[in-house]
Amino acid sequence: IAVFDTVSAPGFLEAANARAEQLSAGLLTLSEKWGMQGERGMGLLRALRLGKGDGAAIVAAARDRAPEGLLLNAPRPELLRFMPALNISAEEVDLMLSWLDEIIAQVRK
C-alpha cells in the first residue's frame, strides 16, 4: 500500500518522467563528448552504448569512488546500465552524470 500511495501521489510520475528525460539528455551529452554510440532505454531504465569494451573498468572505478560510490552495471562489455530509484532528484541525476564523466575520463585517459 505504501508503494501505491507513493506512486499515485500528485506529481510523482511527472517528476519521474522529468528525471528520465534529464538522464537521457545527460547520457547523450556524455556519448557525444566521449565518441560513444548513444543511449537507449525507456523511462529511468537507460543504457549508455560505450563503443568499446571498457564497461567493466568503468563499473569498477565507479564502485571504488569513495565514500559515496556510483551504482551501475555493465551487462555487456560495451554497455552501461542505469536503474536509479524512481524518486531520484534532479540534483542527484546531475551529480551522477558529473561523476560518470570524471570516471570515464579516468578510465579512458
Side-chain angles (χ1 to χ4, degrees):
I1 292 173
V3 172
F4 178 77
D5 288 344
T6 299
V7 172
S8 63
F12 181 83
L13 291 178
E14 292 84 359
N17 287 332
R19 296 299 66 77
E21 290 176 20
Q22 178 187 5
L23 178 58
S24 176
L27 292 176
L28 283 172
T29 298
L30 288 176
S31 177
E32 291 171 11
K33 177 179 180 177
W34 292 102
M36 296 174 178
Q37 297 176 332
E39 65 90 40
R40 67 181 192 199
M42 293 184 66
L44 283 167
L45 181 58
R46 312 302 293 186
L48 182 61
R49 299 172 57 221
L50 300 172
K52 56 167 100 173
D54 55 358
I58 293 171
V59 168
R63 187 180 309 117
D64 292 342
R65 185 176 178 95
E68 302 90 357
L70 179 58
L71 181 61
L72 58 109
N73 68 2
R76 288 187 293 219
E78 70 285 349
L79 195 70
L80 288 181
R81 182 169 42 200
F82 303 85
M83 296 179 293
L86 291 176
N87 63 350
I88 191 169
S89 70
E91 295 78 17
E92 290 168 325
V93 172
D94 285 341
L95 182 59
M96 186 269 312
L97 291 166
S98 174
W99 286 356
L100 182 59
D101 187 31
E102 293 171 11
I103 291 165
I104 293 168
Q106 173 189 337
V107 169
R108 292 194 171 180
K109 62 181 170 182

Met96 and side chain to side chain contact (heavy atoms under 4.5 Å, CB included): which partner among Leu72, Leu23, Asp101?
-> Leu23

Which heavy atom in Val107 sits nearest to a heavy atom in Ala61, and how many Å separate them?
-> CG2-CB, 4.0 Å

Quick check: does any side chain N or O of Glu21 sit under 3.5 Å from a backbone N or O of Ala18, one acting as donor and the other as acceptor?
-> no

Is a side-chain donor or acceptor of Gln22 paired with a backbone partner of Ala90 at a separation under 3.5 angstrom?
-> yes

List the steps, then state whether side chain to side chain contact (heavy atoms under 4.5 Å, CB included) holds for Leu79 with Arg49.
-> CA-CA 5 Å; Leu79 195 70; Arg49 299 172 57 221; 3.8 Å; yes

Would you check if Arg63 and Val59 make a side-chain contact, meaning some heavy-atom pair closer than 4.5 Å?
-> yes

When rounded to the nearest 0.5 angstrom, what distance separates CG in Leu44 from CG in Leu86?
-> 6.0 Å

OG/Ser8 to CD1/Ile1 distance, rounded to the nearest 0.5 angstrom?
-> 11.0 Å

Measure the spacing between CH2 of Trp99 and CD of Gln106 and express it to the nearest 0.5 Å.
-> 13.5 Å

Would you say the side-chain atoms of Ser24 pair up with the backbone N or O of Ala20, donor to acceptor, closer than 3.5 Å?
-> no

Is a side-chain donor or acceptor of Thr6 paired with a backbone partner of Ala2 at a separation under 3.5 angstrom?
-> yes

Where do Ala74 and Ala56 come nearest, in terms of heavy atoms and distance?
-> CB-N, 4.1 Å

Nearest heavy-atom pair of Gly26 and Leu97: which atoms, and what distance?
-> CA-CD1, 3.6 Å

Are the side chains of Phe82 and Leu27 in touch, meaning some heavy atoms are under 4.5 Å apart?
-> yes

Within one Ile-Leu-Val-Met-Phe-Trp-Tyr cluster: Phe12 and Phe4, side-chain cutoff 4.5 Å = no

Look only at the side chain of Arg81 and the backbone of Ala47, and say whether a donor-acceptor pair between them is shorter than 3.5 Å.
-> no

What's the spacing between Arg19 CZ and Glu14 CD if we round to 0.5 Å?
-> 12.0 Å

Considering non-hydrogen atoms only, spot the tightest contact between Met36 and Leu50 and give its length.
-> CG-O, 3.3 Å

Go through Glu78 and Gln37 one step at a time and tell me if the side chain to side chain contact (heavy atoms under 4.5 Å, CB included) criterion holds.
-> CA-CA 10 Å; Glu78 70 285 349; Gln37 297 176 332; 5.8 Å; no

Heavy atoms, side chains only, cut-off 4.5 Å: are Asp54 and Ile104 in contact?
-> no

Taking all non-hydrogen atoms of both residues, which atom of Gly38 and which atom of Leu28 are closest, and how far apart?
-> CA-CD2, 4.3 Å

Counting distance only, does the side-chain N/O of Thr29 pair as donor-acceptor with the main-chain N or O of Ala25 below 3.5 Å?
-> yes

Within one Ile-Leu-Val-Met-Phe-Trp-Tyr cluster: Leu48 and Met83, side-chain cutoff 4.5 Å | no

Are Val93 and Pro84 close enough that some pair of their side-chain heavy atoms sits under 4.5 Å apart?
-> no

